[in-house]
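Have a look at the structure below before the remarks.
Just so it is clear, the values below take in all heavy atoms, side chains as well, and ignore hydrogens, waters and symmetry mates. Because the structure is predicted, anything quoted here is derived from the model rather than measured.
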Amino acid sequence: ALVSARMAANVGEEEATVSLVDVLEEDEELENEASAVLGGSDSEKCSYPEGYVKRQALYACNTCTPKGGEPAGICLACSYKCHEGHDLFELYTKRNFRCDCGNDKFGEMECKLFADKEKVNSGNKYSHNFFGLYCTCDRPYPDPEDEVPDEMIQCIVCEDWFHGRHLGCVVPDCVELQEMICESCMNKTPFLWNYAAHIAGNVVVQVNGTSACKRKHQEEPEGSSEKGSCSGCRLREMKASGRSRTLQGAVFWLSAWRTKLCTCSDCKVLYTDAGVSFLMDEMDTVLAYENKGKSTMQAEQAGGAEGRDPLMSALNNLNRVQQLEIIHEYNDMKTELKDYLQRFAAEGKVVTPEDIRHFFEQQQSRKRRRANAGQYYCS
């Protein structure tokens, strides 16, 4: 609606404040952000042969594995090829997961892309997310009964999603630049509370019994920014510093906080025993996965060509009348595409590349009919 309003303003006013190029560039940016999650996953091949994938886009099929049965997750390609038209839950991304499509959890159904699978994937971890439920309130998202506007934030440990108002803390600004660990996971890994008092975001800490506001993560003891120190375990030094914080609510961690975790041999055992050894891997982050997806898409779009998209360059060279004509055509196409996609959303179907190609084939067919209708011949 915002894009349509902007384009309408361009048509109705001679002095346009937003050009068609601006609109297209904004659309492209939104598209890149939305598809970054999918860009890091293969849309053609089942991910099962890759084993437990470090991080991938996942879905759960409410048609094949509804609530009351066993939870199961499927990869991006299987959501397209094996579960088209099914009621799917989009799970964003999860780590160390192997595609379940067609295994014993799906009864007689076989995976169309890779049928030779083990009965179950014992290394997979499941939660209520696989039945379309989230947060401590155990509600769906979007929730038709929830009229309170709120954002959902994912815990990097359990990978569940939480309403901001249910985290037990104030959600910071620029939350998309930070990682969050929910209170439950913090309590399961209590040594992280020591780190939280030193390297987390804005928190009220206790220093030898006195409250102090720790506003920036840079306010650390001199020389403490390294992963370890010459004297030994950094975690042990933090415990001895006398700095602590209230053990309540979710914790938000500033960027690059993982590089500040101690990696001495004792701490590595501690991470492994707690099941959070992935915290030592900076490439485990969702941001790293999305950046990989964006890079893949950009490389595919470039196709080896250098420089700016020739379409964008050509638009800059059009005169006002030509741009207005394209605006009308683009606005009509965008409206029709939105209506076309809304039918899929209403029926809970996944949109495939074939569906998009079919849409544009219909567009071309209608365009040819309009062109032919305007031709006149003399006898």
Do [X] and [Y] share a hydrophobic cluster (ILVMFWY, side-chain heavy atoms under 4.5 Å, transitive)?
{"X": "Met333", "Y": "Leu341", "answer": "yes"}
{"X": "Val251", "Y": "Leu279", "answer": "yes"}
{"X": "Leu192", "Y": "Leu247", "answer": "yes"}
{"X": "Phe131", "Y": "Leu58", "answer": "no"}
{"X": "Val276", "Y": "Ile199", "answer": "yes"}

Would [X] and [Y] pass as an ion pair if we require N to O under 4.0 Å?
{"X": "Arg258", "Y": "Glu179", "answer": "yes"}
{"X": "Arg357", "Y": "Glu354", "answer": "yes"}
{"X": "Asp284", "Y": "Arg55", "answer": "yes"}
{"X": "Arg98", "Y": "Glu50", "answer": "no"}

Check: residues 180-189 side-chain donor-acceptor pairs under 3.5 Å, at least two apart:
unit_1 : atom_1 : unit_2 : atom_2 : d
Glu183 : OE1    : Gly249 : N      : 3.1
Asn187 : OD1    : Trp193 : NE1    : 3.3
Asn187 : ND2    : Glu183 : O      : 3.3
Thr189 : OG1    : Cys185 : O      : 2.7

- request: Tell me, with the steps shown, if Arg236 and Asp266 meet salt bridge (charged side-chain N to carboxylate O under 4.0 Å, His left out).
  value: CA-CA 10 Å; Arg236 192 178 301 117; Asp266 289 342; 3.8 Å; yes
Distance check, rounded to the nearest 0.5 Å: [X] atom [atom1] versus [Y] atom [atom2]?
{"X": "Gln154", "Y": "Phe162", "atom1": "CD", "atom2": "CZ", "answer": "9.5 Å"}
{"X": "Asp160", "Y": "Ile153", "atom1": "CG", "atom2": "CD1", "answer": "12.5 Å"}
{"X": "Cys137", "Y": "Asp146", "atom1": "SG", "atom2": "CG", "answer": "7.5 Å"}
{"X": "Cys267", "Y": "Arg234", "atom1": "SG", "atom2": "CZ", "answer": "10.5 Å"}

Quick one: sort the [X] and [Y] rings into parallel, tilted or perpendicular, breaks at 30° and 60°.
{"X": "Tyr340", "Y": "His358", "answer": "tilted"}
{"X": "Tyr92", "Y": "Trp161", "answer": "perpendicular"}
{"X": "His128", "Y": "Tyr134", "answer": "tilted"}

message: For Tyr59 together with Tyr80, are the ring centres under 6.0 Å from each other?
response: no
Can you tell if the side chain of [X] reaches within under 4.5 Å of the side chain of [Y], non-hydrogen atoms only?
{"X": "Lys119", "Y": "Lys105", "value": "no"}
{"X": "Leu235", "Y": "Phe191", "value": "yes"}
{"X": "Leu261", "Y": "Tyr271", "value": "yes"}
{"X": "Arg95", "Y": "Lys125", "value": "no"}
{"X": "Met109", "Y": "Cys82", "value": "yes"}
{"X": "Met280", "Y": "Thr263", "value": "yes"}
{"X": "Asn129", "Y": "Glu159", "value": "no"}
{"X": "Phe89", "Y": "Tyr141", "value": "no"}

message: Is it the case that atom CG in Asp339 sees more than 12 heavy atoms from other parts of the structure closer than 6.0 Å?
response: yes
Review item, side-chain donor-acceptor pairs of residues 62-76, under 3.5 Å, at least two apart:
unit_1 : atom_1 : unit_2 : atom_2 : d
Asn62  : ND2    : Asp87  : OD2    : 2.9
Thr63  : OG1    : Asp87  : N      : 2.8
Thr65  : OG1    : Cys61  : O      : 2.8

